[in-house]
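Structure first, commentary second.
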Amino acid sequence: MAESHRVHAPGRVNLIGDHTDYTGGLVFPMAIDRGTTIDYVRGGTRVVLRSDAEPGTVTIELPVRDDPSVVEPAWGRYVAAMAREFAAARGLSGTVTSDIPAGAGLSSSAALECAVGLALGFEGSPTELALAAQRAEHAATGVPTGIMDQLCIAAATAGNATLIDCHRLAVTNVPIPDDVDVTVVFVAHRTLVGSAYADRVAECDRAESVLGPLRLIEPADLEAARPELDELAFRRARHVVTENQRVRDFATALATDDHAHAGALMTDSHRSLRTDFDTSTREMDTAVERLTTTPGVFGARMTGGGFGGCVVAISEPGAVDVGWRVRPSPGARHL
Ligand code: GLA
């Protein structure tokens with residue numbers, strides 16, 4: 001009988017730094033102890049996968065030359081796109097199990113991409129895996145997403161969040177203190193396909209065509225830029241510039257055990273995403289409000305692309321009795 005193999009890739013929750021990655025800014029995601037596992041045997045010239053959470057059987061003939069974005073069932077698009085990335089010729093057959101709900105903003109698609117990459121025999125660096133998975137995401141969905149999800153999922157280490165400079169693709173491991181709980185609360189299913197995500201990328205491009213790279217602008221220099229931009233582009237730019245600074249400050253606050261300040265920065269980040277970036281929803285605002293008024297909670301915010309998905313809170317141990325407590329976990333790996 002063929003030898004059986006297992007790969008696992010975690011989901012991620014972003015603690016702070018949203019809608020900054022595609023302008024080369026700073027992000028602070030954490031790989032979580034929920035993820036996607038593939039059990040498989042190697043062989044043949046096709047990839048054949050079933051999923052415990054998604055419908056149908058994915059059957060991909062190798063090598064993949066066709067457009068992955070038309071594969072059915074739809075979750076097979078990520079599989080086909082990864083197989084095409086690696087010009088995979090050797091097939092496999094197996095099952096996908098996942099405890100990250102799809103469409104919750106916890107990067108189930110990036111986890112699937114990274115897990116498929118490893119199962120197909122990828123042996124390069126975490127950054128190479130992440131870049132291939134990002135290209136695959138674009139090919140599968142057509143949404144111009146940044147590198148945050150894939151790089152966090154490929155590069156994370158146990159016990160740490162990942163502070164990522166998305167311009168240099170530099171990852172710094174930052175320990176999450178033992179006396180801080182991270183809790184994720186699911187609000188609503190969403191998809192970035194057909195959402196205003198691509199509009200936000202275009203609006204930031206518009207601001208950058210006038211101001212140059214947003215990652216190089218200091219919050220103190222923002223007002224001077226105001227007359228140069230239309231009101232919408234200015235608000236988008238203000239979110240990105242202030243969010244990059246909040247990520248820096250958040251890393252310092254965690255390192256100096258100033259949990260209250262770290263939490264306040266998360267709550268500020270939510271406000272900025274709501275008012276300047278227009279990526280929150282009323283349900284997400286209500287969930288954040290509930291969390292921030294819970295005793296022992298340091299701060300809360302929407303997490304990920306927005307327009308639905310999840311909110312995240314940091315708190316004293318045991319302070320939050322809703323949602324999932326998640327722990328900082330290692331990245332994609334063979335088990
Ligand atoms: C999604 C994208 C990421 C990032 C976030 C917002 O998760 O996949 O690249 O842009 O939204 O921070």
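Counting convention: from 1, in listed order, for ligands and their atoms alike.
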Self-check item: Over 12 foreign heavy atoms within 6.0 Å of CD, Glu72
Solution: yes

Quiz item: In terms of residue, atom name and distance, what is the protein heavy atom nearest to atom 8 (O) of ligand 1?
Solution: Asp149 OD2, 2.7 Å

Self-check item: Candidate list Asp249, Asp258, Val247, test side-chain contact (heavy atoms from CB on, under 4.5 Å), partner Leu265, passing option
Solution: Asp249

Quiz item: Hey, are Thr303 and Asn14 close enough side-chain-wise for a donor-acceptor pair under 3.5 Å?
Solution: no

Exercise. Please say whether more than 12 non-hydrogen atoms of neighbouring residues, nucleotides or ligands are located less than 6.0 Å from CG in Asp52.
Key: yes

Quiz prompt | Ligand-side contact atoms (ligand 1) for residue partner Asp21, heavy atom cut-off under 4.0 Å | solution = 3 (C), 4 (C), 9 (O), 10 (O)

Quiz prompt | Check: Ser269/Glu243 side-chain N/O donor and acceptor closer than 3.5 Å | solution = yes

Self-check item: Atoms in ligand 1 with a heavy atom of Leu192 nearer than 4.0 Å
Solution: 1 (C)

Practice problem: Looking only at non-hydrogen atoms, find the nearest pair between Asp230 and Arg206 and report the distance. | Solution: OD1-NH2, 2.8 Å

Quiz item: Can you tell me the protein heavy atom closest to atom 12 (O) of ligand 1 and the distance?
Solution: Asp18 OD1, 2.5 Å

Self-check item: Nearest non-hydrogen protein atom, atom 10 (O) of ligand 1
Solution: Tyr197 OH, 2.6 Å

Exercise. Identify whether the distance between the nearest side-chain nitrogen and carboxylate oxygen of Asp268 and Arg301 falls below 4.0 Å.
Key: no

Quiz item: Looking only at N/O atoms, are Met148 and ligand 1 under 3.5 Å apart anywhere?
Solution: no

Quiz prompt | Geometric N/O contact His19 with ligand 1, under 3.5 angstrom | solution = yes

Quiz prompt | Phe122 and Phe86: CA distance, side-chain angles, deciding distance, ring pair (Phe, Tyr, Trp, His ring centres under 6.0 Å) verdict | solution = CA-CA 8 Å; Phe122 174 79; Phe86 297 132; 5.2 Å; yes

Quiz item: Under a 4.0 Å heavy-atom limit, does Arg200 contact ligand 1 with its side chain, its backbone, both, or neither?
Solution: neither

Exercise. Heavy-atom contacts with Arg12 under 4.0 Å: which atoms of ligand 1 show up? List them by number with element.
Key: 7 (O)

Quiz item: For ligand 1, which atoms sit closer than 4.0 Å to a heavy atom of Tyr22?
Solution: 10 (O)

Quiz item: For ligand 1, which atoms sit closer than 4.0 Å to a heavy atom of Gly305?
Solution: 1 (C), 5 (C), 6 (C), 7 (O), 11 (O)

Quiz item: Just which atoms of ligand 1 are under 4.0 Å from any heavy atom in Gly146?
Solution: 9 (O)

